[in-house]
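In what follows, chains are A, B, ... by sequence order, proteins preceding strands, each numbered from 1.
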There are 2 protein chains.
Amino acid sequence: MPAQRPRGVSIQDVARAAGVSRQTISNAINAPHKLRPDTLERVTALIEEMGYRPDQSARSLRSGTRRIIAYTTPETDPDNPNALMSGFLEAMVAAAGEAGYRILLVRPRPGQSRARALEDVIAARTADAILLSDVLEDDPCVDYLHETGFPFAVFGRTGPGRPQAWVDVDSAQAMIDLVGLLSSHGHRRVAYLGTSAALPWLRHREAGFRIGMRRFGLAGHEAFVDGLDEVVAVARDLLNRSPRPTALVLDDDWLAPGAYAAAQAEGLTVGADLAVTGFNDMPYTRLLQPPLTTVRLPLRRIADALVSRLLQSVEEGEPPEAGLLLAGDPVLRPSMTTVE
Amino acid sequence: MPAQRPRGVSIQDVARAAGVSRQTISNAINAPHKLRPDTLERVTALIEEMGYRPDQSARSLRSGTRRIIAYTTPETDPDNPNALMSGFLEAMVAAAGEAGYRILLVRPRPGQSRARALEDVIAARTADAILLSDVLEDDPCVDYLHETGFPFAVFGRTGPGRPQAWVDVDSAQAMIDLVGLLSSHGHRRVAYLGTSAALPWLRHREAGFRIGMRRFGLAGHEAFVDGLDEVVAVARDLLNRSPRPTALVLDDDWLAPGAYAAAQAEGLTVGADLAVTGFNDMPYTRLLQPPLTTVRLPLRRIADALVSRLLQSVEEGEPPEAGLLLAGDPVLRPSMTTVE
DNA sequence: TTGAAAGCGCTAACAA
DNA sequence: TTGTTAGCGCTTTCAA
């Protein structure tokens, strides 16, 4: 039996204290220009003094708007918490906050599909818009949301012929740039170490690597790891191909400690005999010795773009017509080397 | 001018379709035992079929309960995003979800104090309870929340003589255990590398280290770094004291890559000539070569405890009387060595 | 520029 | 066991 929490000051209380109608108080907050300056000032002072804030629920019920963006948090493998999430969320909270929105974390209950959780959010009018990330190419959530017409946006990509309410990093181009950077540092033999999971963003990076290699006329090999334990062995194997590569491109920063260990085991010094590059600019990459050259995702710009699309959908009722691809920024650090 | 989003099916619609009153529909959802089985079944089927979900705002307005926990996200230094946050949030979302609550991320607006942001949450009746983390010992938010009587809980600690609605890791004990572990592996000379920031949890770890050193009769030195760039130099200096320490205890995993590099620069092999231990069990510690011995925080148990305290406050109106200290789990990995 | 009336969708309290 | 009534606090609409 939840105790009935004492309710705070209501619009009525303030109105009585000010000797005006409730409507005047409401206007002071929602449409200040409608009040005479002196009334406005008096009322505003009183609102501040009494600590009045409109009740969120009442306001939402009446106006039909919640000022909340629901974000379905991807279920993270506890072994590999998506460290990126904290940076992305961070950016989303900031971007949404500036627009007067807050982020509500929604997790499907055990056994419940993500689409079903979203259905709950929509039907219960919990949020004004929904944000998705970590979607697969044919994710049913995207179609479901599109059908309902509910405002949503995706961090990631959706295939052609599907709703294009997404914002993503141009991973392929970033990878091409990285290969170009290696080429301009004199590298000719470059190996690629990737993660074997069939995740869209990983495949885009790989594709970018291949394009870059062709474009800059470089030679190399690719190898993929399935899990933590394989990293060092597979990297060593890659470093032993002949002719030996002078650079090792990783599809994710998380592989870097393994790559560094492999180099050491092969008697190579990263940053001198071997260049290594990563992807994502995780915080710890700057602490590796030598610090890792990698690609930084423009999280804040991504978040801003997502929020602006979301709000456009909410306010105009029109979903965005095209996806938005933002450039990643290569970050040059000492793990890069120059080859004569 | 926000478009008036079409409202979905209401309780009225379902009631009409079922030929019963609204109250019966409400009861089917909130107090099923009050209905005759056949009525319940009929109504439930109809609810499912029509996709009816009670409007969150209307429900909240009427019942005074929001089923939301507000979490003020600490403002993260973009240079050092608290990678822990994602793991903690993850656990909180899961724990709260099981209790039927969701997490709302609240960030003070620029220039706004955290206490002020909390005041907004309370006055606007946005949430049923508030969760704080990263509080300092004399954090004004804690006193403010205590005075208001609003349900809240803290991940971290508050000083004696202050509200005790907190759950924390017993960092000191974990550190003592770690030193004990080193002692039992034959180590006699152990160095401590810490972060100089005056954060409570770091000071607890340091205190635990000292207690452990005394208790096990070990000798050693302490040194502190102020930033990223100092790590390797300070660690090398520590390794050069004579007699040379056989183990290096870090107050946080983030120092580990620097410690490994320092060892290498000194011609030492971590896991053979030198033991290194960390704190927090960040995901990448398992990828270091050798994988790092560290302390895992029981995030899920912390989250469960926080949620249960929060709900107790909400439901009984009684704040918890004592803090709860949970044990951290030392995780033994190959960076530990045995000394003859 | 201000005020009065209506009602958003729901559930608590009570009546049948 | 079910239905009726009232009203949570606010904003929209319309009238003064």
Is [Y] paired with [X] through a side-chain N to carboxylate O contact shorter than 4.0 Å?
X	Y	answer
A:Arg53	B:Asp120	yes
A:Glu90	B:Arg107	yes
A:Asp143	A:Arg162	yes

For B:Glu98, all residues meeting salt bridge (Lys or Arg N to Asp or Glu O under 4.0 Å), sequence neighbours excluded: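 B:Glu98: salt bridge (Lys or Arg N to Asp or Glu O under 4.0 Å) contacts with B:Arg300.
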Terminal helix-axis angle for the helix from C:dT1-D:dA16 to C:dA16-D:dT1, with five pairs defining each axis and rounding to 10 degrees: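 Between the axes fitted at each end of the helix from C:dT1-D:dA16 to C:dA16-D:dT1 lies an angle of 30°.
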Please tell me if the side chains of [X] and [Y] come closer than 4.5 Å, counting only heavy atoms from C-beta onward.
X	Y	value
A:Val93	A:Tyr101	no
B:Leu105	A:Leu89	yes
A:Leu306	A:Phe155	yes

Residue-level proximity of residues 34-49 of chain B to DNA chain D when a heavy atom falls under 4.0 Å: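 By residue number: B:Lys34, B:Leu35, B:Arg36, B:Thr39.
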All pairs passing ring pair (Phe, Tyr, Trp, His ring centres under 6.0 Å) where residues 107-132 of chain B contributes a residue, at least two apart: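 Residue pairs with at least one partner in residues 107-132 of chain B: there are none.
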Side-chain N or O of B:Thr24 closer than 4.0 Å to phosphate OP1/OP2 of D:dG3: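 Affirmative; the distance criterion is met.
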Taking distance alone, no hydrogens or angles, what donor-acceptor pairs closer than 3.5 Å link side-chain atoms of residues 9-16 of chain B to residues at least two apart or in another chain?
| residue | atom | partner | partner atom | Å |
| --- | --- | --- | --- | --- |
| B:Ser10 | OG | B:Gln12 | N | 3.1 |
| B:Ser10 | OG | B:Asp13 | N | 3.4 |
| B:Asp13 | OD2 | B:Ser10 | N | 2.8 |

Donor-acceptor pair between B:Thr72 and B:Arg114 side chains, under 3.5 angstrom: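 Yes, a side-chain donor-acceptor pair sits under 3.5 Å.
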Contact pattern, 5' to 3', of nucleotides 10-16 of chain C - B, S or - by protein heavy atom under 4.0 Å: BBBB---
